[in-house]
Every structure is written in structure tokens, then in C-alpha cells.
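Quick note on labels: first sequence line is chain A, next is B, and so on, each numbered from 1. Every heavy atom of this structure was used, including side-chain atoms; hydrogens, water molecules and symmetry mates were not.
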Amino acid sequence: MDDLNDQRTQRLQKLETLRGMGVPPYGARFEGTQPIARLVEAYGSTSQDELTHQRVTCRIAGRIVALRRFGKAAFASLQEGAHRLQVYFRKDTLGDEAFRLSQTLDLGDWIGVDGSVFRTKTDELTVEVQTLTFLSKGLRPLPEKWHGLTDIETRYRQRYVDLVSNPSVHHVFETRSRLIAGLRSYLTDRGFLEVETPMMHPIPGGAAARPFTTHHHALHADLYLRIAPELYLKRLIVGGFRRVFELNRNFRNEGLSTIHNPEFTMLEFYQAYADYHDLMALTEDVFQVLAREVCGGITLTYQGQRIDLTPPWRRLSYFDAILSSTSFDRRVLEDRAAAEAAATDLGLAIPPGATLTGIVNAMFEHAVEPHLTQPTFITEYPADLSPLSRRTDSDPRLTDRFELFIAGRELANGFSELNDPLDQRRRFEAQATQRAAGDDEAHALDEDFLRALEYGMPPTAGEGIGIDRLVMLFTDQASIRDVILFPQLRPEPPS
RNA sequence: GGGUCGUUAGCUCAGCUGGUAGAGCAGCUGACUCUUAAUCAGCGGGCCACAGGUUCGAUCCCUGUACGACCCA
């Protein structure tokens, strides 16, 4: 049995009272309403005299979130989304029957209202109700009016209550939606075609991550939820699309944290004939466009830090970043023993089988990443870490790749694509060696992808932008769970 | 996986040295036709997350479990 408290019991009784009055507690269509937000916007600064003169009437609907009764009159706040408008019930105006209905209303109920717009003595925009239409009965009490709902677990598990109780949550998710719409129009305006590639992959690829496994019964085949769309999008470039993007969910079977949710949203886009420098310029530009559209300017505040998106952003090579953030000399990048000593010096625990690349990357993550507050492109990643990236012409141990860091977090990853099928095969084979050595995040070898490359992929640059982290940055949220409507939690224990 | 902290009424929170629980809001009854955290009078509401242990006695001390938050790997 569910938590059957006395308030719920009371409301179940009121449901019967409504039925007794001939009022359906779960009504049907209520057409022709104006959004409360629109009404408030339209008349928020209109004077009482002007409202009287214009005889402004309206039809609105919403949830009752505050109620103040005075014998033969009452005030209520109607909420729709993040917006509220006060309504006023008078026995004189409503008549006995409708006033009796208004007396049965509870916090949380949905009603529709026809009335005239005026200002109260205290100058609050208010609708005096002429006709009251009952729309839907709330059986559970809402959280407290002053503190709202603060219990973080309940906020995530019952986001619907969070949204009712905390209007600022609406703002975060509206901003999320506008950022995504902004990215879509930015890319489509520049000739990128939005495509949909499989979510279920026979071979998980395109990233270093553990996949979720599922099974298709009719095909008698294991399938993997995609960890990245990359290899499919590049197949499309092989097929002749010049510019494509996909903006959708990826799934990675890894731990949860303030910056990791097992399903998360990624934008990936690919541009033929371009290189990673073009993408860095595009990234600087699109962040500015979004910041202006959504935040009204190109400086943001994130968790108390001022973030300045004015281009050009700093560009720093991966190795130089490590050397300039530590006091080590170049040997630590080239000699495994020196690297291990340096890493130990930084307080890092190095597992026995760790490769030079792995140790150096641990140093990067520890000594460099957290300090990259202002937008910074880290470039020229080692080829060992970048099995899908084109090698740098002047030094084939490096790649034409960048990652973007802001506020100490990776926001984007882009590179000139490796389009040499023979080199790609060797890189996959190196990954297979790592996998055999116990690295279960190493890339799997995808023969069909290699076959596609053998048909010839033009020079191409591609990039992924982590949308959840982007939204965190633009809405100043500390946890990824605050920018995902229904973040992953353990299943609720039975009560 | 490890550490720290948390879980008390529908919600937000108190609860001292171990003696079977309090407030505000919400709810119920009554008064009130311009209030806005309305006001006034009265009333009800608890598996103190769960399971063990210590104790004459546990919301409180101990152990474990579940769920969550943060930090670390």
C-alpha cells in the first residue's frame, strides 16, 4: 500500500464531494486559454485605470499553488510552468454554486478561469473570476510553500514535484532546450544535415568506454547500446555527405558522478575537407553565439568563477601543458621510469602494467585538467590515446586533435579524422593488444568500418560536444543531475 | 570499490547527558468580501529509513543493510 496519509484521505473525500456537486473531478478539454506567462508579460505594467478602461478579460488555466480565503472571498495563485498569476474569487461575482465549488479547492488542483484583469489595492495583477471550471484534482499535498522541495533525492525521483515546487528548475531546462535548438540551427544554417544512426551497435566503437549489452532474440545476436555515433557518421562521409551531425544519447556503462550519467547527450558533427583548426574556430564561434542568445553576453559565471568566452581561446599542446603545469623536464614524457617517478611524485598511484602513455595521461588529468578554467584547447594528443585521429605530419607520434576544457572540465573533443585505412587497421590492432592486456575500454576492431575507409573517405574533421556539460556551464549547475530531467538513480527500494 | 555526512509528520526542520517526540507550513473545525509566508481561536496527524546488538529502558550508543549527497580510486 502506498503512503496513505490523512491529507490524501481528505482529498479522496473531496473528490466524492465534487462528484456530488455534479462536477467531474477529472475534466475534459478546456480550450482557448492564454498562457499565464503571456498575460503577465502583456499586462505586467498596465495601470488599473488602463485595465478598467480596456475591460481586459481572459481565459487562463493552471495549478493552484497558494490559497488565501476570507469568508466570502478568496485569493489563489495559479501556476503554469514557472509563471504565476493571482486570481480572486468573490461570492458576489461567482454566485452561490460556483463559490461553493471554489470553497472545495485544494492546493495542487488544476482549474480553468474566465475573468477580468485588474489590479488589487496592493497593485498586484489579478484576475477576478467570473466563471470557474474545475479541471483536475490533486490527491497529494504539495511541498511547503516557503522552502519548497529541497530533499535532493525526492527532487530527482519525483522531478514532477520539483518542477511544481521550484520554478528555477524550469529555467534550467528551458535553457537546455534553447541551447540545443541553437546548436541545431547553427549547424543546419551552415549546411550540416541532421542524421540518425543506430543506437544499437553490433560492435561498440567510437570511444574508449564500456558499453551496455542487450540481446536481440529474433537475430540471436548480442547488441550494444552505442558509446558514440562516430564510426557511423564517418561512414556517411564516405557515402558522400559533406556535413552531417547527430545530437542524441550515448550510453556508457561506467560510474556515476557529478559529471557522469550513464546516458548522456552528445552532439557529433563531421565536415568534409576541413581540419581540426577549422573546428576550433567553429567551436569558439558557436559558443559565443549560444552565450549571446541564451545568456545575453559572452562572459559567464560558473560556480563563482568568471568564464570569458572572448576568442581566440588559448591553444596549448598536450605535452607543453603537462610540462608547464609541473616542474618536470621532457624526459618524463619519453621515459617510462622517469614518468613513473614523476607520477609518484605527484601522489598518483600507478598500476604495475601502466604504459608510458597511460602514466603521462594520468599526470595530465591530475596536474593540468583541473586548472584549465578559462576556455583552452589542448592540442596534439599522442597517437596512442587517439586511435581514430589523423597523425600530425611533422610528428607521427602525435595527432591533429584537440580537446576543449572550460572550468576544469572536458567540453569537446575534435580532430582531423584518420582516413588512411591501413593506418586505421594498425591502430585498431594496437587497441586489440591493449584489450588483450586487460584494458576493457580499448577500441574493438570494426571490419565494416575499415571496409568503408577503403572505399575512400575525403579529408574530414569531426567533433563531439558534451551537451550536458555545456548546459551545466551555461546554467551554472554543479551537478549533471541538475541538467538531466530524470537522472539515473538506483531503483527506489520497496516501501 | 574506499572515506565522510545524511535519512524524525505530506513538506522544511528541532530534539541536550539514553527515560516511548516537538515547531512552522500544509490538513481539519470555526470567524473574516483586497490578501499575498494573510490573520485569529481550536483540533488531529509519527514503523524516529530497515534489521540486529548493548541496556531496566534506544530517535539518541554499537554493528550491519538500503537509499542519497560529497570527496577519493
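- Residue-level contact check: A:S165 touches neither bases nor backbone, having no heavy atom under 4.0 Å from any strand.
- The interatomic distance linking A:F70 (CZ) with B:C40 (P) rounds to 13 Å, in whole Å.
- As a whole-Å value, the separation of A:R157 CZ from B:A49 P is 17 Å.
- A salt bridge is absent between A:R397 and A:D384; no separation between the charged side-chain nitrogens and carboxylate oxygens falls under 4.0 Å.
- Ion pairing between A:D106 and A:K137 holds under the 4.0 Å rule for side-chain N and carboxylate O.
- When distances are taken from the side chain of A:A73 to each of B:U33, B:A26, B:U35, the shortest belongs to B:U33.
- The distance from atom CG of A:D106 to atom P of B:G10 is 17 Å, rounded to the nearest whole Å.
- Between B:G27 and A:K14, no contact under 4.0 Å exists linking OP1 or OP2 to a side-chain N or O.
- B:G68 atom P lies 15 Å from atom CG of A:D482, rounded to whole Å.
- As judged by a 4.0 angstrom heavy-atom cut-off over every strand, A:G148 is placed among residues touching the sugar-phosphate backbone only.
- Contact check, A:R140 against B:G10: no side-chain N or O comes under 4.0 Å of OP1 or OP2.
- When the side-chain nitrogen and oxygen atoms of A:R481 are compared with OP1 and OP2 of B:G68, none of them lie within a distance under 4.0 Å.
- Going from atom CZ of A:R69 over to atom P of B:G30 covers 12 Å, rounded to whole Å.
- In the interface, the side chain of A:D6 is paired with the base of B:G44 through a donor and an acceptor atom under 3.5 Å apart.
- Distances shorter than 4.0 Å separate some side-chain N or O of A:K145 from OP1 or OP2 on B:A26.
- If you take CZ of A:R159 and P of B:G68, they are 15 Å apart, rounded to a whole angstrom.
- Look at A:R29 and A:E31 and you find a salt bridge, because one of the NZ, NE, NH1 or NH2 atoms lies within 4.0 Å of a carboxylate O, short of that distance.
- On the C1' atoms, B:A58 is 11 Å away from B:C48, given to the nearest whole Å.
- Across all strands, A:Q86 comes closer than 4.0 Å to base atoms (heavy-atom distances).
- Using a cutoff of 4.0 Å between basic side-chain nitrogens and carboxylate oxygens, A:D109 and A:R63 are not scored as salt-bridged.
- When the C1' atom of B:G6 is taken as reference, atom CD1 of A:I152 falls 12 Å away, rounded to whole Å.
- Taking atom C1' in both B:G2 and B:U17, the straight-line distance is 34 Å, to the nearest Å.
- Nucleotide B:G6 is matched to B:C67 when pairs are restricted to Watson-Crick or G-U wobble geometry with both distances under 3.5 angstrom.
- Base pairing annotation: B:G46 forms no Watson-Crick or G-U wobble pair, as no partner gives both donor-acceptor distances under 3.5 Å.
- The C1' atoms of B:U55 and B:C67 are separated by 29 Å, rounded to the nearest whole Å.
- Distance A:L489 CG to B:C67 C1': 9 Å, rounded to the nearest Å.
- The listed nucleotides are B:U35, B:C11, B:G27; the one nearest the side chain of A:L149 is B:C11.
- Comparing the same atom, C1', in B:C13 and in B:C71 gives a spacing of 26 Å after rounding to whole Å.
- Both distances falling under 3.5 Å, in either a Watson-Crick or a G-U wobble arrangement, occur for no nucleotide opposite B:A38.
- Of the nucleotides present, none pairs with B:U54 by Watson-Crick or G-U wobble criteria with both distances under 3.5 Å.
- Across all strands, A:R490 comes closer than 4.0 Å only to sugar-phosphate atoms, never to a base (heavy-atom distances).
- Under 4.0 Å is where a charged nitrogen must lie from a carboxylate oxygen, and between A:R336 and A:E340 at least one such pair does.
- Residue A:Q10 is in sugar-phosphate contact alone, with no base atom involved, counting any heavy-atom pair closer than 4.0 Å across all strands shown.
- For A:D92, whose side chain is taken as the heavy atoms from C-beta onward, the closest listed nucleotide among B:U33, B:U12, B:C70 is B:U33.
- The residue A:F118 sits close to a base: some heavy atom pair falls under 4.0 Å.
- At the heavy-atom level, A:R11 lies nowhere under 4.0 Å from the strands shown.
- The residue A:F89 sits apart from the nucleic acid: no heavy atom pair falls under 4.0 Å.
- Salt bridge status for A:R19 with A:E16: present, with a side-chain N to carboxylate O gap under 4.0 Å.
- Distance noted for atom P between B:G24 and B:G44: 14 Å (whole Å).
- Using a 4.0 Å heavy-atom distance criterion, A:T150 is classed as a sugar-phosphate-only contact.
- Using atom P as the reference point in both B:G1 and B:U65, the two lie 12 Å apart (nearest Å).
- Judged by distance alone, with hydrogens and angles left aside, A:E144 brings no side-chain donor or acceptor close enough to the base of B:A26 to form a pair under 3.5 Å.
- Of the two residues contacting RNA chain B, namely A:H366 and A:H147, the nearest-nucleotide position lying further toward the 5' end is that of A:H147.
- Nearest heavy-atom pair, A:Y318 versus A:I378, reported as atom, atom and distance to 0.1 Å: CA-CG2, 3.6 Å.
- Straight-line distance between the P atoms of B:A37 and B:A26: roughly 12 Å, to the nearest whole Å.
- In the interface, the side chain of A:E153 is not paired with the base of B:U7 through any donor and acceptor atom under 3.5 Å apart.
- Taking the centre and axis of the six-membered ring of A:F486, the NZ or CZ atom of A:R159 falls outside the cone set by 45° and 6.0 Å.
- Judged by Watson-Crick or G-U wobble contacts below 3.5 Å, the nucleotide B:C11 has B:G24 as its partner.
- For the C1' atoms, the distance linking B:G18 with B:A31 amounts to 46 Å, nearest Å.
- Each of B:C11, B:G27, B:A37 was ranked by its minimum atom distance to the side chain of A:P143; first place goes to B:C11.
- For B:A38, the OP1/OP2 oxygens have a side-chain nitrogen or oxygen of A:R68 closer than 4.0 Å.
- When each of A:E124 and A:P141 is assigned the nucleotide of RNA chain B bearing its nearest heavy atom, the one mapping closer to the 5' terminus is A:P141.
- Between A:E429 and A:R427 there is no salt bridge, since none of the side-chain N atoms of the basic residue sits less than 4.0 Å from a carboxylate O of the acidic one.
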